[in-house]
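Every value quoted in this text rests on a predicted model; they were computed, and no experiment measured them.
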Amino acid sequence: MRLKELREAKGLSQRQLANELGMVHQTYSNYERGEREPRIDVLIKLADYFDVSVDYLIGHEKTPNHVE
């Protein structure tokens with residue numbers, strides 16, 4: 001997943017982003033490291049936050065087709 005590059009582009013730490021999304025820091029960290037896969041509802045929340053598609057997040061699309 002492309003979470004780290006999207007998070008860094010916003011200038012946020014893992015902890016800051018986890019707080020903004022209302023999740024535990026360790027849970028988010030596990031997603032970013034690929035040690036845990038987010039449920040679909042969490043993927044949608046992340047895609048909405050970063051204004052990208054779920055397909056982009058999971059690497060199915062090469063370019064971030066922004067949500068309109």
State the [atom1]-[atom2] distance between [X] and [Y], to the nearest 0.5 angstrom.
X   : Y   : atom1 : atom2 : result
T27 : Q14 : OG1   : CD    : 11.5 Å
F50 : E5  : CZ    : CD    : 9.5 Å
S29 : K4  : OG    : NZ    : 10.0 Å
K45 : L21 : NZ    : CG    : 6.0 Å
L12 : E20 : CG    : CD    : 5.5 Å
S53 : I44 : OG    : CD1   : 11.5 Å

For residues [X] and [Y], determine if any side-chain heavy atom of one lies less than 4.5 Å from a side-chain heavy atom of the other.
X   : Y   : answer
R7  : Y49 : no
E37 : Y31 : no
I58 : R2  : no
M23 : V42 : yes

Which pair of non-hydrogen atoms, one from A47 and one from L57, has the smallest distance, and what is that distance?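 Nearest heavy atoms, A47 then L57: N-CD1, 3.5 Å.
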Would you say R15 has more than 12 foreign heavy atoms packed within less than 6.0 Å of its CZ? no
